[in-house]
Amino acid sequence: MITVYVPGDSAARSVGADTVAAHLVAGAAARGHDVRLVRNGSRGMLWLEPFVEVDVNGTRFGYGPVSSDDVDSLLDAGILEGAHHPLAHGNVDQIEWLARQQRVTFARVGVIDPLSLADYEAHGGLAGLRHALTMADDDVVAEVLASGLRGRGGAGFPAGIKWRTVLEAQSDQKYVCCNADEGDSGTFADRMLMEGDPFTLLEGMTIAGLAVGATQGYVYLRSEYPDAITRLNEAIDIARANGWLGNDVLGSGRVFDIEVREGAGSYVCGEETAMLESLEGRRGMVRPKPPVPALQGLFGKPTVINNVLTLASVPMVLADGAAAYQALGTGRSRGTQVFQLAGNIARGGIVETAFGVSLSELVNDFGAGTRSGRSVRAVQVGGPLGAYLRADSLDVAMDYEALADVGAMLGHGGIVVFDDTVDMAQQARFAMEFCAVESCGKCTPCRIGSRRGVEVIDRVIAGVDREANLMLLDDLCTLMTDGSLCAMGGLTPLPVRSALRQWPEDFGGNP
Amino acid sequence: MSAFAPWSIEQAEVVVNKCASRTGPVLLTLQALQCEFGYVHPDAVPLVARTLNVSRAEVHGVLTYYHDLRTSPAPAHAVRICVAEACQSVGSGAVVQRAEGELGVSMGERSVDAIDLESVYCLGDCALGPAALVDGQLLGRLSPPQIAAVIASLRSESA
Ligand SMILES: Cc1cc2nc3c(=O)[nH]c(=O)nc-3n(C[C@H](O)[C@H](O)[C@H](O)COP(=O)(O)O)c2cc1C
Ligand code: SF4
Ligand code: FES
Ligand code: FES
């Protein structure tokens, strides 16, 4: 019996993985081969999807991008014995693009069968939770604090400090809420983790819940990710059936359960207090802080809110110890970061590596420049609220502090590349338009300011009263930055101003 | 795609009652109604308010806040094209234009043969754009001719 892997990841499926899988199974059978098909997660080399792997005596050989038309020629070439073929990439573990990375949070994604508990445990799964169950709650929180793990949702707040606040709060009920709203364009790591290794997230949430004294966890998962919703629900059922979620977590007598709640198509519901409102079933309006959710969160109870990747990094911290995690990274940015190479890029996908890699290394080395083959003109880092950087200023280290120094932010680690056909005035306009569409409406600078922003940029582009309108735009940006309740209105000026400053020629000015 | 039940207040009551015991139930109840009927009929508002013991204004507020929730019947097919940055960088604009041409409508409208053309901000397929969600199925690396072919196959399905 030969094991063949064809990703069930939705990105792979979006380019035909299902048909490839069906043809492979049928083609192998027709040739008298007995194959076992595993729909694994994606390895994150998305330009090679659908990426087929064949296990030959424990070594996995990769082929891609495979279309269903290639299947016969692959089988005839003998890929079930790991044979060569024009689409062959050899031993997957030795593919340089992967071998150069440090996969920690993504260690199992693409490797295992996402819903096989046996695979999960064989690859180190549950070691973190088992270890945590032998420790005092206080020590678990101390371990996370010592690891230096910072939030991956955008703000980079130390996870351990948040957990400590919830642990120390007195309450009859506490919650853990996982933020799986992943609304930023150019980001897909949360999705790939939930589809490719959902147990890791459940384990991380359980560790968090038990450590802070919460019995219920919620995953707020965007409706745009139907596959992730299905997969995570399946994983929860399996975890419950196997006794590591529910009334007696791994026989410890302790209680923790998890429920998935589906979003309803609102970007601002990724902001943590809007997410809480939405989880409570209301309009996703941002709440003023304080009170912080750690003290008064879901239904007014102390609540840990963390991003998918933050929580999915926790099992490793508990399994291998804070020191091992701490040893990776640079300065105050410890551990690894999961970068997502997106947009007009030749080799897009997941690059997980220690903090401090340069943006240029990511875009030019890992990414190999644009997909169109034209030159890079602009790179947006950190989602729709992130700054645009010029192709000649990519020499910046990718950590929270170094990026802040150049007026940019890491956000959720999304990197979107544009070639030289991009019109930066249109990108600035889009940033304002997006804010206008997605604003929760609570504060005027964001709700109204963004609409005015679109109009003003349109006048600048049309050359109407250019100087006066540019001044107005600048005032508007200052007002939004200073007067908005949350980062939606507060950071929209970032992409707008970065475009204006670095590409004045696109706004009818002199370069 | 029209696997939806026709609107019926009796059936709606069953759906709403099932959700009533859940925590923070208003949004998920509306989502469940939409799951059942393809949309949230305006007559459901007083029903939801009464059953969940909240004001009609509260229910209406939630119903109108979220992009996903609709108050008129679902289309025969939905073509949701990603218009966010990463897809823009690889030509989602041309895909949108072609889809508009094929369907004879602008983004946000319904064609005469009941195909909705909608924009969506990011589908998590940002390395393989342009992306679209067609009747719930994610498609990547789209080109204008491909979106035209997708629309043609939706039409032959309906015909
Ligand atoms: C407009 C807006 C959208 C956001 N979207 C997300 C999101 O989709 N996912 C996420 O994890 N955090 C998002 N955040 C950040 C959250 O508010 C919050 O900081 C985060 O979930 C905390 O988790 P972490 O500490 O693990 O990063 C968003 C913030 C803002 C202002
Ligand atoms: S800045 Fe915008 S999104 Fe944030 S609270 Fe104000 S109106 Fe809502
Ligand atoms: S709301 Fe019932 S499954 Fe979507
Ligand atoms: S930007 Fe289009 S799928 Fe993410």
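Every chain is numbered from 1 and lettered A, B, ... according to where its sequence line falls, protein lines coming before strand lines.
Looking at Gln426(A), there are no atoms closer than 4.5 Å to chain B (heavy atoms on both sides), in backbone or side chain. Proximity to chain A is absent for every atom of Gln34(B), based on heavy atoms less than 4.5 angstrom apart. Interface remark: Tyr218(A) contributes side-chain atoms only to the contact with chain B (heavy atom separation under 4.5 Å). With a threshold of 4.5 angstrom between heavy atoms, Met192(A) does not approach chain B through any atom at all. Ile345(A) does not touch chain B: none of its heavy atoms, backbone or side chain, sits under 4.5 Å away. For Val437(A), the parts lying near chain B are the backbone and the side chain together; criterion is any non-hydrogen pair under 4.5 Å. Residue Asp190(A) does not touch chain B at all, counting heavy-atom pairs closer than 4.5 Å. Of the atoms belonging to Pro226(A), it is side-chain heavy atoms, and not backbone ones, that fall under 4.5 Å from chain B.
Proximity of Arg261(A) to Thr23(B): side-chain heavy atoms (C-beta onward) are separated by under 4.5 Å at one or more points. Side-chain contact between Val416(A) and Gln88(B) is absent, with no heavy-atom pair separated by less than 4.5 Å. In this structure the side chain of Tyr388(A) reaches within 4.5 angstrom of the side chain of Glu85(B), judged on heavy atoms. A heavy-atom distance below 4.5 Å is not found between the side chains of Cys122(B) and Phe188(A).
With values rounded to the nearest 0.5 angstrom, Tyr225(A) atom OH is found 11.5 Å from Leu133(B) atom CG. Considering CG of Leu63(B) and CZ of Arg283(A), their distance stands at 10.5 Å, rounded to 0.5 Å. With rounding to the nearest 0.5 Å, the separation of OG in Ser10(A) from CG in Leu139(B) is 11.5 Å.
Scanning both residues, Ala11(A) and Asp125(B), for their nearest heavy atoms gives CB-OD1, 3.2 Å. Of all heavy-atom pairs between Ala84(B) and Phe430(A), the closest is CA-CZ, 4.1 Å. Of all non-hydrogen atoms in Phe299(A) and Gly24(B), the two that sit nearest each other are CZ-N, 3.6 Å.
Of the residues considered (Gly348(A), Ala189(A), Gly281(A)), Gly281(A) shows the highest number of contacts with chain B, using heavy-atom pairs under 4.5 Å. Each of Leu128(B), Thr29(B), Val26(B) has some count of heavy-atom pairs under 4.5 Å with chain A, and the biggest count is that of Leu128(B). Of all the listed residues (Gln340(A), Arg13(A), Glu182(A), Glu49(A)), the one sharing the greatest number of non-hydrogen pairs under 4.5 Å with chain B is Glu49(A). Across Cys269(A), Ser278(A), Ser372(A), the residue that shares the most heavy-atom pairs under 4.5 angstrom with chain B is Ser278(A). If you tally non-hydrogen atom pairs under 4.5 Å between each of Gly383(A), Ala431(A), Gly263(A) and chain B, the highest count goes to Gly263(A). Each of Ala264(A), Ser185(A), Ala342(A), Gly16(A) has some count of heavy-atom pairs under 4.5 Å with chain B, and the biggest count is that of Ala264(A). With respect to chain A, the highest number of heavy-atom pairs below 4.5 Å among Leu142(B), Asp68(B), Val120(B), Val90(B) belongs to Asp68(B).
The backbone N or O of Gly284(A) sits less than 3.5 Å from a side-chain atom of Tyr66(B), completing a donor-acceptor pair. Judged by distance alone, the side chain of Ser14(A) and the main-chain N or O of Leu138(B) form no donor-acceptor pair under 3.5 Å. Counting only distance, with no hydrogens or angles, the side chain of Gln31(B) and the backbone of Glu262(A) share a donor-acceptor pair below 3.5 Å. Judged by distance alone, the side chain of Arg371(A) and the main-chain N or O of Ala127(B) form a donor-acceptor pair under 3.5 Å. Looking only at distances, no side-chain donor or acceptor of Tyr121(B) sits under 3.5 Å from a matching main-chain atom of Gly183(A).
Within a 6.0 Å sphere centred on CD of Gln97(B), heavy atoms belonging to other residues, nucleotides or ligands number 12 at most. Within a 6.0 Å radius of NE2 in His41(B), more than 12 heavy atoms belonging to other residues, nucleotides or ligands are found. The local environment of CG in Asp43(B) is crowded, with over 12 non-hydrogen atoms from other residues, nucleotides or ligands closer than 6.0 Å.
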